[in-house]
Amino acid sequence: MSLPSPTLPSPLSRVADERLADAGVELWLKRDDLIHATVPGNKWRKLIPNLDAARAAGHTRVLTLGGAYSNHVRALAAAAAGRGLESVGIIRGDELADAPRNWSLARAEAAGMRLAFVDRAGYRRLRASLHEPATRRELTDRFGPCAVLPEGGSNAPAAHGAAAVAAELATQLPDLGHRDLVCCAVGTGGTLAGIAAGLPPGARALGVAALRGAAGYLEREIAGLHAAGWGRAFDNWSVDHTAHGGGYGRVPPELASFAEDFTERHGIRPELRYVAKALRHLYAAAAAGELPRGSRVTLVVTGPPDPEPAPAAAVDGS
Ligand SMILES: *Cc1c(COP(=O)(O)O)cnc(C)c1O
């Protein structure tokens with residue numbers, strides 16, 4: 001099974017909204033959600049470079065880890081199958097092993113991914129020691145030789161893949177520069193790191209954290225990706241930590257109704273766990289006068305809406 005070809009560059013479209021016009025702000029959507037049906041959004045940008053590198057290094061199998069509704073795990077399963085690689089997903093929550101599969105894990109498994117379930121303490125240990133030789137030996141002993149991708153897939157090749165978003169945008173908005181703010185939702189930070197690194201001088205990147213309590217941590221992760229991927233720091237980005245809506249995977253009623261209203265006005269249904277949080281933050285920032293008049297804001301739509309909402313109790317992680 002090979003992957004249908006992607007829609008690249010992803011389309012860019014303007015959103016006409018009097019609430020933003022009143023604040024002197026232009027909003028554009030960079031529709032990465034339309035890149036691909038089964039490897040959509042930033043997952044295409046981040047995974048394809050990793051899978052191509054894994055194949056070039058002679059790997060036949062990739063392994064990653066994530067939560068029960070992880071977009072990264074599901075997309076990796078599809079992308080790996082499309083690139084002729086076996087895949088293994090280590091999933092947080094040993095209670096899920098014998099439960100009926102949710103839609104996301106069912107799709108991963110249908111794409112050929114082998115799922116393994118670990119309890120929460122074991123998952124934390126694995127995540128923290130993923131790059132240590134002892135952990136790698138354990139994984140190889142159990143699953144066979146494999147390329148290992150971190151939670152969320154954020155590493156230097158992934159960030160370089162995401163930098164293509166900024167490069168494309170610079171061809172679609174040739175005067176991209178001082179009045180531009182490029183915004184995306186943040187889970188593990190690879191997408192924001194790449195966008196910031198790829199922007200031309202003057203333009204800025206803003207990430208909106210979709211998880212609570214990540215101030216400091218995410219900034220360190222992103223700076224680490226810049227050091228690993230570009231060998232330097234960038235000072236054109238920041239992360240908002242106020243718009244997570246209560247935490248990872250939480251969708252408070254105000255957020256859901258904001259998204260509903262946006263859909264009615266503009267005919268585009270925003271994904272709720274990440275994209276709607278960033279979008280709503282931009283509207284709030286415009287209304288509060290926090291965006292300079294004359295700003296041109298591009299929201300990178302990092303993924304499509306879920307087919308079914310995830311139960312709030314089950315989504316305490318990416
Ligand atoms: C995975 C994902 C993100 C988070 O991307 P990071 O690179 O981990 O910050 C954002 N939006 C959507 C829709 C996603 O699926």
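Values in this document were obtained by computation on a predicted structure and should not be read as measured data. No hydrogens, no waters, no symmetry mates; every other heavy atom, side chains included, goes into these values. Order of appearance sets the numbers: ligands from 1, and atoms from 1 within every ligand.
Here's the thing with Thr188: one of its N/O atoms is less than 3.5 angstrom from an N/O atom of ligand 1. Considering backbone and side-chain atoms alike, Val186 places every N or O at 3.5 Å or more from each N or O of ligand 1. Not a single N or O atom of Ala185, backbone or side chain, sits closer than 3.5 Å to an N or O atom of ligand 1. Considering both main-chain and side-chain atoms, Asn71 comes within under 3.5 Å of ligand 1 through a nitrogen or oxygen pair.
In the vicinity of Lys46, heavy-atom distances shorter than 4.0 Å reach the ligand 1 atoms 6 (P), 7 (O), 8 (O).
Note on ring orientation: taking the six-membered ring where Trp is involved, the planes of His266 and Phe262 are tilted (angle from 30° to 60°). Using cut-offs of 30° and 60° on the angle between ring planes, the pair Phe258 and Tyr283 is perpendicular.
The single protein non-hydrogen atom nearest to atom 2 (C) of ligand 1 is Lys43 NZ, 2.5 Å, given as residue, atom name and distance. From the protein, the heavy atom lying nearest to atom 4 (C) of ligand 1 is Gly187 N, 3.4 Å. Looking at atom 11 (N) of ligand 1, its nearest protein heavy atom turns out to be Thr302 OG1, 2.7 Å.
Counting heavy atoms under 4.0 Å from ligand 1, residue Thr191 touches it through both backbone and side chain. If you look at Asn42 next to ligand 1, the close heavy atoms, those under 4.0 Å, all belong to the side chain. Proximity of His72 to ligand 1, defined as any heavy-atom pair under 4.0 Å, is not found for any part of the residue.
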Identify every side-chain donor-acceptor pair in residues 291-299 under 3.5 Å, counting partners at least two apart or on other chains, and give the distances.
residue, atom, partner, partner atom, Å
Arg293, NH1, Asp22, O, 3.2
Arg293, NH2, Asp22, O, 3.3
Ser295, OG, Pro292, O, 2.5
Arg296, NE, Asp180, OD1, 2.7
Arg296, NH1, Asp175, OD1, 3.2
Arg296, NH2, Asp175, OD1, 2.9
Arg296, NH2, Asp180, OD1, 3.4
Arg296, NH2, Asp180, OD2, 2.9

Pairs under 3.5 angstrom only: tabulate donor-acceptor contacts from the side chains of residues 5-16 to other protein residues two or more places apart or in another chain.
residue, atom, partner, partner atom, Å
Ser10, OG, Lys30, NZ, 2.9
Ser10, OG, Asp32, OD1, 2.6
Ser10, OG, Arg45, NH2, 3.4

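Residue contact check for ligand 1: Arg273 places no non-hydrogen atom closer than 4.0 Å to it. Residue contact check for ligand 1: Gly41 places no non-hydrogen atom closer than 4.0 Å to it.
At a cut-off of 3.5 Å, with distance as the only test, a side-chain donor of Glu151 or Tyr123 sits close to an acceptor on the other residue.
Using a 4.5 Å heavy-atom cutoff, the side chains of His244 and Arg250 are not in contact.
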